[in-house]
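Each remark here refers to the structure printed beneath this line.
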Number of protein chains: 2
Amino acid sequence: MFNENPIWKGLRRSAPDHPRPLADAVLRLIWNARRISRAEIARLAGLSRSTVSEVVGEILPLGLVSEIGEGPSRGGRRPIVLEFRDDSCVILGVEMGGAHVAVALTDLRGRVLAWETRGHPVRSDPAGTRRLIAELCARCLESSPAGGRPLVGIGVAVPSPVDPSRPDGLSRVVMPAWEGRHGLEDLGERFGVPIFVDNDANLGALAEHWWGQGGGVDHLAYIKVATGVGSGHIIGGEIYRGATGVAGEIGHLAIDPQGKRCVCGLRGCLATLVGGQALQERAAELLPEFPESTLAGRPFTVLEIEDAALAGDPLALKVVGEVAKHLGTAVAGLLNLMNPSVVVLGGDLVQLGNLLLDPLRDRVKNRTLISSVAAADIVISELGPRSVAIGAATLVLKASLGDSRLFPEIPVPTVEEAER
Amino acid sequence: MFNENPIWKGLRRSAPDHPRPLADAVLRLIWNARRISRAEIARLAGLSRSTVSEVVGEILPLGLVSEIGEGPSRGGRRPIVLEFRDDSCVILGVEMGGAHVAVALTDLRGRVLAWETRGHPVRSDPAGTRRLIAELCARCLESSPAGGRPLVGIGVAVPSPVDPSRPDGLSRVVMPAWEGRHGLEDLGERFGVPIFVDNDANLGALAEHWWGQGGGVDHLAYIKVATGVGSGHIIGGEIYRGATGVAGEIGHLAIDPQGKRCVCGLRGCLATLVGGQALQERAAELLPEFPESTLAGRPFTVLEIEDAALAGDPLALKVVGEVAKHLGTAVAGLLNLMNPSVVVLGGDLVQLGNLLLDPLRDRVKNRTLISSVAAADIVISELGPRSVAIGAATLVLKASLGDSRLFPEIPVPTVEEAER
DNA sequence: CAAACTTTGTGCGGCCACCGATCAAAGTAT
DNA sequence: ATACTTTGATCGGTGGCCGCACAAAGTTTG
């Protein structure tokens with residue numbers, strides 16, 4: 001069937017749980033435009049100027065929007081320019097990686113004001129991780145160049161699927177030591193703000209959609225290639241989670257039925273062929289054929305393989321080329337099935353640049369029938385390793401722009417301060 | 001960024017292009033409930049009884065809903081029961097297949113009132129196909145057991161991707177003779193109703209979601225295995241089209257890199273391994289190993305292979321088992337990437353029943369890491385070969401329930417007629 | 001069996017979101 | 001200088017929806 005309960009979604013002008021939706025919508029519009037006059041809002045939104053005047057009168061006391069002077073005339077009276085105050089408050093975005101924690105403090109435009117990161121055995125030490133997150137959050141807030149601004153909320157990216165029906169839960173399979181719960185409620189209480197949690201690849205996708213090259217497209221896929229490989233999707237501006245919150249798990253697509261056995265119990269998963277660990281294993285495997293390689297005769301890290309490839313080492317180049325082709329096969333499958341407008345590659349491996357991108361694009365071109373699918377842009381993240389933490393902060397921003405009551409009280413500048 | 005233009009989606013109580021959205025919402029609610037009192041509507045929708053009374057007063061003259069008497073008391077006055085009149089008008093659903101045309105006449109509950117089908121070289125003969133569609137539509141309307149009921153619209157399923165930005169277009173690649181346009185506007189003019197067009201697999205998915213086992217789930221995938229193989233998706237109650245309208249093309253997923261060359265120019269696509277043609281080729285290939293097979297020594301059709309498999313012929317069983325496993329690999333990839341709640345199998349091949357389903361489910365269980373993904377239901381369509389045509393009619397129903405002005409004028413029965 | 005209570009559907013006054021008209025202020029075109 | 005435009009504020013009006021009151025018709029209770 002269809003339309004079960006949310007029949008009234010958007011139909012009632014003021015639901016008891018969300019008064020004045022119009023004010024929020026206008027606030028979003030101002031955020032989008034950054035600087036805009038009341039008359040312009042009326043034109044864009046199809047509202048009357050009188051309504052916009054009234055609504056703006058409600059918004060101004062929130063402290064998120066200021067009148068910053070007059071704009072150029074369009075043939076008549078000069079408009080009063082409203083500006084969204086990106087710096088009126090701050091947001092914390094936390095990335096829980098497999099082996100590290102990173103925290104970003106951002107403003108309301110996704111700019112990173114402070115950045116803290118530290119290695120930690122996240123998977124095996126839940127309590128220590130929670131303590132570390134709180135510590136790094138506090139350090140970010142203290143070190144902030146413009147301290148004392150109110151905090152909106154804390155977004156947390158976890159390296160586990162998040163079931164939409166149990167937002168406080170974690171996968172017991174992926175993170176057994178965490179016993180199925182992230183237990184981050186205390187973090188919110190300590191800082192007195194709400195907590196938002198989602199999967200890391202999903203939040204990377206969100207960040208790329210809001211701030212990266214995926215701006216303005218309807219459907220974006222983000223692929224994170226680090227120790228492992230995962231992917232997240234934005235469809236119609238929203239994070240796509242699937243029925244049970246595990247959508248977009250590109251890691252166990254079948255690439256080569258004759259391939260290595262994977263932890264999931266089958267052969268030739270993308271995860272066995274792509275990612276840091278696979279890179280190391282494959283390099284060790286091919287070493288006998290390349291005795292002259294700079295990697296020969298000693299243990300080596302993933303980073304060293306990447307550096308060797310960038311320096312032109314034939315073994316490293318071969319390994320990277322193979323990885324790129326396997327990834328290309330998976331991306332082709334993803335394009336065929338989900339048909340996104342943009343695929344953004346993130347994670348450590350993307351520092352390889354065109355060494356990764358060129359063979360990947362070649363493989364995709366060969367593996368997609370319909371030209372419009374192959375026309376999808378495949379690009380490397382400009383946000384780099386920070387995209388997941390930024391995405392976590394963006395999750396808070398997105399929620400707050402959807403319901404302005406989530407914003408904290410902001411001291412409204414007096415006339416003298418505003419004129420200063 | 002986000003939220004480009006449809007910022008006001010659902011925020012304005014009466015957009016100039018859609019007055020009285022509440023009446024439409026209540027109409028949908030009545031459709032959902034089939035029989036319901038005003039008071040019950042008020043409870044379900046969170047509206048006041050006075051508002052519901054007023055809105056129902058607007059809806060009754062449309063002729064789509066009737067008062068059919070009193071219901072049981074709940075401890076007070078007995079309610080007046082409103083019933084959605086499923087038989088108040090009819091819808092035509094057209095399936096353009098690769099080699100045939102089928103037309104279903106349905107009521108407003110997806111019931112098939114008339115069914116016409118005829119083989120035709122659809123791909124190569126656009127003009128003849130258009131004539132044939134019009135003829136079959138006319139026959140359906142004439143042969144209808146309850147003739148004379150007004151027609152709401154005509155939905156058409158085409159065997160080609162449909163770009164959401166060009167709804168009147170067809171793929172020049174898949175159907176070159178059609179020159180990129182379906183040219184079905186005349187059909188609508190001839191019958192004086194609007195035309196709705198979408199991809200066949202998408203509409204099969206829609207039908208399964210509204211009428212089949214996929215009822216009530218948020219995300220459903222439909223896989224059609226006939227001459228070829230294609231798939232469609234319903235996400236959040238809506239047809240998912242992807243960025244360029246070609247989402248869900250499962251046919252060219254890479255299954256076996258060492259496999260046969262495909263028309264798309266690469267090896268081991270699902271389309272080369274699954275589907276009627278692949279079945280025939282594979283059976284011919286294996287024939288020497290099975291001289292005792294009932295298929296030996298003569299040309300055979302796909303249907304004969306299926307019958308032979310159902311009768312226990314070892315060659316046919318082997319071929320079908322292989323197909324099922326390949327399909328299972330593709331379905332596993334689909335589950336990993338899109339994470340639907342239900343996968344519905346349709347098309348001709350599903351008459352194989354468990355012969356297809358059992359090995360497919362086995363393969364899926366082995367190829368999905370996370371249990372919640374593997375927990376997706378994989379079922380065979382109950383609508384059978386009619387699902388695509390029914391889905392085409394459902395497209396019209398869905399659009400009309402979203403905007404009741406699309407319904408035709410219906411003669412409202414007088415009091416005497418209603419009491420009869 | 002009468003009295004008390006419930007439920008349904010309708011009518012009416014009222015609130016509030018939003019609009020249109022109007023106006024003052026301040027610009028541009030001629 | 002004059003006519004026209006544009007902006008933003010104000011104010012009265014419209015219409016969607018609600019709360020309340022009420023009649024009708026049921027059920028429960030003493």
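These figures come from a predicted structure and were not determined experimentally. Because only heavy atoms are used, hydrogens play no part in the values below, and waters and symmetry mates are left out as well, while side chains stay in. Just so we're on the same page: letters track the sequence lines, and every chain starts at 1.
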Q: For residues 43-63 of chain B, pull every pair meeting salt bridge (Lys or Arg N to Asp or Glu O under 4.0 Å), keeping only residues two or more places apart or in separate chains.
A: Arg20(B)-Glu58(B), Glu40(B)-Arg43(B)
Q) Is a donor on one side and an acceptor on the other found under 3.5 Å between the side chain of Arg35(A) and the backbone of Val81(A)? A) no
Q.
Pick the closest DNA chain C nucleotide for Val52(A) and for Arg43(B) by heavy atoms, then say which residue is nearer the 5' end.
A. Arg43(B)
Q. Atom CD of Glu40(B) and atom P of dG9(C): how far apart are they, to the nearest Å?
A. 10 Å
Q: Identify, with sequence neighbours excluded, every residue that meets ring pair (Phe, Tyr, Trp, His ring centres under 6.0 Å) alongside His233(B).
A: His219(B)
Enumerate the protein-to-nucleotides 10-12 of chain D contacts in which both atoms are nitrogen or oxygen and the separation is below 3.5 Å.
none

Q: Using side chain to side chain contact (heavy atoms under 4.5 Å, CB included) as the criterion, point out the one residue from Leu401(B), Val152(B), Val193(B), Leu151(B) that pairs with Val396(B).
A: Val152(B)
**Q.** N or O in side chain of Ser48(B) less than 4.0 angstrom from dC18(D) OP1/OP2
**A.** yes
Q. How close or far is atom C1' of dG9(C) from atom CD of Glu70(B), stated in whole angstroms?
A. 11 Å
Q: Measure from the side-chain N and O atoms of Arg109(B) to the backbone N and O of Trp31(B), and report whether any donor-acceptor pair falls under 3.5 Å.
A: yes
**Q.** Any residue of residues 74-84 of chain B with a heavy atom less than 4.0 Å from an atom of DNA chain D
**A.** Gly75(B), Gly76(B), Arg77(B), Arg78(B)
Q) Under the side chain to side chain contact (heavy atoms under 4.5 Å, CB included) test, which residues partner Ser341(A), sequence neighbours left out? A) Val217(A), Ala243(B)
Q. Does the side chain of Ser73(B) get closer than 4.0 angstrom to OP1 or OP2 of dG26(D) through an N or O atom?
A. no
Q: Could you tell me which residues satisfy ring pair (Phe, Tyr, Trp, His ring centres under 6.0 Å) with Phe196(A), sequence neighbours excluded, listed by chain and number?
A: none
**Q.** Distance in angstrom units between Leu22(A) CG and dG16(D) P, rounded
**A.** 17 Å
(Q) Strictly below 4.0 Å, N to O, side chains only: are Asp198(A) and Arg241(A) in salt-bridge contact? (A) yes
